[in-house]
Amino acid sequence: MSDRYNHKISEPFWQNEWSQKKVFETENDLNKKKYYVLEMFPYPSGKIHMGHIRNYTLGDVVARYKKMQGFNVLHPMGWDAFGLPAENAAMTEKKNPEEWTYSNIGVMRNQLKSMGLSIDWRREIATCHPDYYKHEQSFFIDLFNNGLAYKKNSLVNWDPIDKTVLANEQVIDGRGWRSGALVEQKHLSQWFLKTSAYSNELLADIEKLDNWPNKVKIMQSNWIGKSEGQQIKFKISQNNTTNIEYIEIYTTRADTLFGASFCALSTQHPLSIHLAKSDNKLNQFIEENQNKDPDKEKNGYKTKLYVEHPLKKDLEIPVFVANFILMDYGSGAIFGCPAHDQRDLDFAIKYNLKILPVILPKNTKKENFKINNVAYTEDGTLINSYFLDGLSIKDAQEAVYKKLKDKNLSTKKTNFKLRDWGLSRQRYWGCPIPMLYREDGSIVPVDKNDLPVKLPKIKFISEGGNPLNTIENWKNTTCPLTGMKAKRETDTFDTFFESSWYFLRYCNPRSEEALEKDKIDYWMPVDQYIGGVEHAILHLLYSRFFVKALRDLKYFNFDEPFQGLFTQGMVTHQTYKLNKKWLSPEEVRYDEIQKKYLNEKNVEVEVGKIEKMSKSKKNVVDPTEIIKTYGADTARWFMLSDSPPERDLEWTDVGISSSYKFINRIWRMVSGVVDGDKSGYSDDNNKNLNSKLNTCIINIEKNVEEFHFNKSIANIYELVNNIQKAVENKSASYEGLIDLFKKMSLILQPFVPHLSEEIWRKVGGKGLAVSQKWPEKTKEVIETNTKTAIQINGKTRLIISLPRKYKENEVFEVIKNDKKIDKYIKNKKIKKIIFVPEKILNIVV
RNA sequence: GGGCGUGUGGCGGAAUGGUAGACGCGAUAGACUCAAAAUCUAUUGAGGGCAACUUCAUGGGGGUUCAAGUCCCUUCACGCCUACCA
């Protein structure tokens, strides 16, 4: 009799069985009902971390459960394989990015396999493979031909020492992360996708996403940032050295027009740039203030220009160039109403501009209303505004619009915060953008027959700059149409481009066609997508855009890629510090006697906050070590227990070892019965246990569907505890117990699949547990009695077990003479009795 | 500044407006053991009582209700996201 469950033998064995019997290979039967489970695919950084374990465990529970429910399940895996870390490794360790990436993939694939995931590995994709990225090059050409991709100048972060472009996350406190140099803003001509063409649809369709977390929907909606306002023209009145007649501003608060005391232009505004040509001081101001710096004080430069107030002829308003006006929102110019906008107020105080309140709060007298250094931004009625006085904010906006529209000075305009997606990256390790710059100056796409444009092989990357620029025999080519000399685009795609359609490719990962319509129609949309909330905006929004754009290019006909979304919490761990240096968990131990945390030299260690596992804080636990020591099932069980999946999960040593104990407890219980003495069993408890099993199945189904895996785990504990009691006192029949074990092993399958198989085999189950149907609920309700709480004035005084079918008067008859109840109701008048069947009976006295 | 969310035992967490604390961890005591680990059994929100029992408890303060962790108002604390978006 083997007392211990040996995961080291068992887990590889069953993983091999599953693979040999091809149980996770998706069926081609397109008539069967389908279920597509997807976890966000990993970046092949080198090894998996606890976040991955949690993510893929959650997905695997869903996938295995749905498979047992009879669905044709698609549960694929791949690699988000382009990106910066490969280039960093190429620079710092002189490694070839391609080899580095594929070798990491090899390691991580094995690590994932050791988790026992129900993945169809035939469908594995790596986005850095030409067979993958050739299709997105083709999509890009389609987008270009349909006006959804275009080129324009835009600002990038430029590191003047490394002579390279930096991604936003590589800029730390305004400095390059490697060189430490102050980052400059530099204009470069770059490729964009017209995400803005879909602003309205991206916003409106959020409503269709019923199975998304509300907070993600709100984040997306805020990011798209729709606002409705007016574009108003202010006539330039004095010192007009330009041929520009008007300054156009965008406002959502046209009602505050009479409170205007200045206009402000962005430093990038064409008029600012024009004025700077003949104004050295302005030129200097623009240079000093054009870099984005959120902490910088509001600064302005007063130009010689004035504009006329559009509704008050005699009022002249000064024009400033100011550092807090964004060029790429609205028209890059505003009018400032200091009384009702905090930014404008700060600015007005600094430059001593007039502050005239025009909105009066309700129940306030005009004489008593003063603006000091807090702007009033709430609701109210108009004052100091001539014909608008007394109107509501909304009516005033409408009245202003009516007045100005006839003079052609105002138009209604809807603005979005959402901008077009800048795709170009001045990087080597990405998908080449399939465009050519012909010597006659025109820009043409590569002929689709010449795809893929493969990345040229390189050994490693020397410091600074994109190597594609210097590989002449790759860069120089000819135009397929004219034979003219041409140069290739040397920028590569943002890696969000690859992740915007990988879920489509999984449907037909090896087909010559990018997307096979029948497969896409069958599998899409993804039924359940699972990943970190950090992708709530960009990745999910780009993917939604991509699907809509490809739909309009007639690749398929659906609107949203992800039917259901679940965002999991982080895996956290206690941090430790000594002399301001972080210590890893292995360097720290808890001393029971001293009740202190000590390092190896018995020096007391400072216990820090519980934070997300990260290398920099050293609070990481390596999942491969955990799987080696305790097994994949233990790791999975711990990931699922206690904390609800959407919340943070704290990794603790006692947590993992108690999971391990439970796994062993189940095995001991089963093997003890099967290998033990078969005599002496009674069947007193069979009925009761079947009832518990039934309840357990009902609860688990509900909890798995709702992603309350922590509660499913509690359901299983309850069931196992009940069975174990019966095993110990042999109060259920042997056959009954074996039958329970069979069903229990199937219930365990989605959570701890290896142990499930082991039990299934031990109790003589045929075939594999993973291929069985999810156990059915028995129809009979076994327990005839239920506990009813008897309350007096809403306070529970007695809990009594009564037949389920009892009515109010029957319950009352039973309890009215109970001495506990009697003492509360005797000599009192019963005013009312409230009865909820099978729950409570409340006597109001 | 804006948005979202969370406050329940020593801890993680359960509770369609209807028995607050399921389940797990930890802790205490006992059994087994030469001893420990493992395992098993019992107890475990706080206070009072020999006891039957009883009082108080879901961040704080109000309210609605026969009944509030749950609904409403108000207030405090913490966390996350986002930010000159006119």
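Chain letters run A, B, ... following the sequence lines, proteins first, then strands; residues in each count from 1.
Nucleotide B:A20 forms no Watson-Crick or G-U wobble pair with any nucleotide shown, as no partner meets the under 3.5 Å limit on both distances. When Watson-Crick and G-U wobble pairs are counted only if both distances are under 3.5 Å, B:A38 pairs with no nucleotide at all. Pair check for B:A68 finds none; no Watson-Crick or G-U wobble contact set falls under 3.5 Å. As the counterpart of B:U6, B:A77 is assigned, both hydrogen-bonding distances of the Watson-Crick or G-U wobble pattern falling under 3.5 Å.
Using modelled atom types and a 3.5 Å distance limit, the side chains of A:Asn619 and A:Lys612 yield no donor-acceptor pair.
Going from atom OG1 of A:Thr251 over to atom CD of A:Gln230 covers 7.5 Å, rounded to the nearest 0.5 Å.
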Every protein N/O lying under 3.5 Å from an N/O of nucleotides 13-15 of chain B:
{"from": "B:A15", "atom 1": "OP1", "to": "A:Lys711", "atom 2": "NZ", "distance (Å)": "2.2"}

Task: Stepwise side-chain hydrogen bond (donor to acceptor under 3.5 Å, both in side chains) test for A:Ser641 and A:Tyr717 - done: CA-CA 10 Å; A:Ser641 13; A:Tyr717 270 112; 5.5 Å; no
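With B:U39, B:C23, B:A86 as the candidates, the nucleotide lying closest to the side chain of A:Thr252 is B:A86. For A:Thr796, the listed nucleotide lying nearest its side chain is B:U19; candidates were B:C84, B:A38, B:U19.
As judged by a 4.0 angstrom heavy-atom cut-off over every strand, A:Asn415 is placed among residues making no nucleic acid contact. Looking at heavy-atom distances under 4.0 Å, A:Ile218 makes contact with sugar-phosphate atoms alone, never a base. Backbone-only contact: A:Tyr717 has heavy atoms under 4.0 Å from sugar-phosphate atoms and none from a base.
Across the interface with RNA chain B, nearest-nucleotide mapping of A:Lys215 and A:Phe324 shows A:Lys215 to be the residue nearer the 5′ end. Where A:Asn323 and A:Asn214 each meet RNA chain B at their nearest nucleotide, the meeting point lying more 5' is that of A:Asn214.
For the P atoms, the distance linking B:U82 with B:G9 amounts to 31 Å, nearest Å. Taking atom C1' in both B:G21 and B:U44, the straight-line distance is 12 Å, to the nearest Å. Here, B:G45 and B:G12 have their C1' atoms 16 Å apart, quoted to the whole Å. Taking the P atom of each, B:U70 and B:U16 are spaced 13 Å apart, rounded to whole Å.
The cationic group of A:Lys298 does not satisfy the cation-pi geometry with A:Phe347, failing either the under 6.0 Å distance to the six-membered ring centre or the 45° limit from the ring axis.
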Task: Base versus backbone protein contacts along nucleotides 61-81 of chain B [heavy-atom cut-off under 4.0 Å; B, S, -] - done: -----BS-------------S
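With hydrogens and angles ignored, no donor-acceptor pair under 3.5 angstrom links the side chain of A:Lys417 to the base of B:U82.
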